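These notes are about the structure you will find just below.
As the structure is a prediction and not an experimental result, all values here were calculated from the model. Read the numbers this way: they start at 1 and go in the same order the structure lists the ligands and their atoms.
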Amino acid sequence: MDNCIFCRIVKGEIPSLRVYEDESCIATLDIGPAERGHVLIIPKEHYADVTECTDEALLGKLMKTAAGIGARQMERLGADGFNIVQNNKEAAGQTVRHLHIHVIPRYENHPVIVAWDPKDPGQEELRKVYEILKD
Ligand code: AMP
Ligand code: ZN
């Protein structure tokens, strides 16, 4: 995809700080990090989001790479943990329409980044949703 910023990063047309690369993906520093050491795992092939990627081996590789980078953030940056975040479509906060995984290191006593307010829908509503979503 000629006008895709991540395709252009993969091709080397836009500079990036790659901390890992193999035949199917790169891991590069996010230029707008949520925390020190925030990394993006980007497949070399273009998929707009995870719903477009049917390549199970690639999806497994991306997650394995994310886990490895998270471990590296803890070992080398002194992170105490990490979040793996993956946004799909604008409503979910996706700004770059090329599948990617965020690996965000987490440090004790820093503000929580990935969080939500748990609701109390009640049993009836939970059951309704279950009926809609189940196999
Ligand atoms: P998302 O909101 O999940 O689509 O995340 C897109 C991410 O890409 C954001 O965290 C941006 O900071 C990051 N980003 C955008 N342009 C670049 C770039 N040229 N190099 C590295 N990261 C980028
Ligand atoms: Zn792309």
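Aromatic pair His100/His102: ring centres closer than 6.0 Å.
Put simply, the side chain of Val10 does not reach to within 4.5 Å of the side chain of Glu45, judged on heavy atoms.
Met1 CE to Phe6 CZ: the interatomic distance, rounded to the nearest 0.5 Å, is 13.0 Å. Interatomic distance, NZ of Lys89 versus CZ of Arg97, reported as 4.5 Å (0.5 Å rounding). Atom CD1 of residue Ile14 and atom CZ of residue Arg8 lie 4.0 Å apart, to the nearest 0.5 angstrom.
A donor-acceptor pair shorter than 3.5 Å cannot be found between the side chains of Ser24 and Lys44.
Residues satisfying the ring-ring contact (aromatic ring centres under 6.0 Å, His included) criterion with Tyr20, sequence neighbours excluded, are absent altogether. Residues forming a side chain to side chain donor-acceptor pair (under 3.5 Å) with Thr51 (at least two apart in sequence, or on another chain): Asp49.
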Show the short N or O contacts, below 3.5 Å, that ligand 1 makes with protein N or O atoms; if there are none, say 'none'.
{"from": "ligand 1", "atom 1": "2 (O)", "to": "Gly93", "atom 2": "O", "distance (Å)": "2.8"}
{"from": "ligand 1", "atom 1": "2 (O)", "to": "Thr95", "atom 2": "N", "distance (Å)": "3.3"}
{"from": "ligand 1", "atom 1": "2 (O)", "to": "Thr95", "atom 2": "OG1", "distance (Å)": "3.0"}
{"from": "ligand 1", "atom 1": "3 (O)", "to": "Asn87", "atom 2": "ND2", "distance (Å)": "2.9"}
{"from": "ligand 1", "atom 1": "3 (O)", "to": "His100", "atom 2": "NE2", "distance (Å)": "2.9"}
{"from": "ligand 1", "atom 1": "3 (O)", "to": "His102", "atom 2": "NE2", "distance (Å)": "2.8"}
{"from": "ligand 1", "atom 1": "4 (O)", "to": "Thr95", "atom 2": "N", "distance (Å)": "2.7"}
{"from": "ligand 1", "atom 1": "4 (O)", "to": "Thr95", "atom 2": "OG1", "distance (Å)": "3.2"}
{"from": "ligand 1", "atom 1": "4 (O)", "to": "Val96", "atom 2": "N", "distance (Å)": "3.0"}
{"from": "ligand 1", "atom 1": "4 (O)", "to": "His100", "atom 2": "NE2", "distance (Å)": "3.1"}
{"from": "ligand 1", "atom 1": "5 (O)", "to": "His100", "atom 2": "NE2", "distance (Å)": "3.1"}
{"from": "ligand 1", "atom 1": "5 (O)", "to": "His102", "atom 2": "NE2", "distance (Å)": "3.2"}
{"from": "ligand 1", "atom 1": "10 (O)", "to": "Asp30", "atom 2": "OD1", "distance (Å)": "3.2"}
{"from": "ligand 1", "atom 1": "10 (O)", "to": "Asp30", "atom 2": "OD2", "distance (Å)": "2.5"}
{"from": "ligand 1", "atom 1": "12 (O)", "to": "Asp30", "atom 2": "OD1", "distance (Å)": "2.5"}
{"from": "ligand 1", "atom 1": "22 (N)", "to": "Ile31", "atom 2": "N", "distance (Å)": "3.3"}

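Arg127 and Glu124 are not joined by a salt bridge, as no carboxylate oxygen comes within less than 4.0 angstrom of a charged side-chain nitrogen.
Around the Zn ion (ligand 2), the protein contributes the following N, O or S atoms under 2.8 Å, ordered by chain and number: Cys4 SG, Cys7 SG, His46 ND1, His98 ND1.
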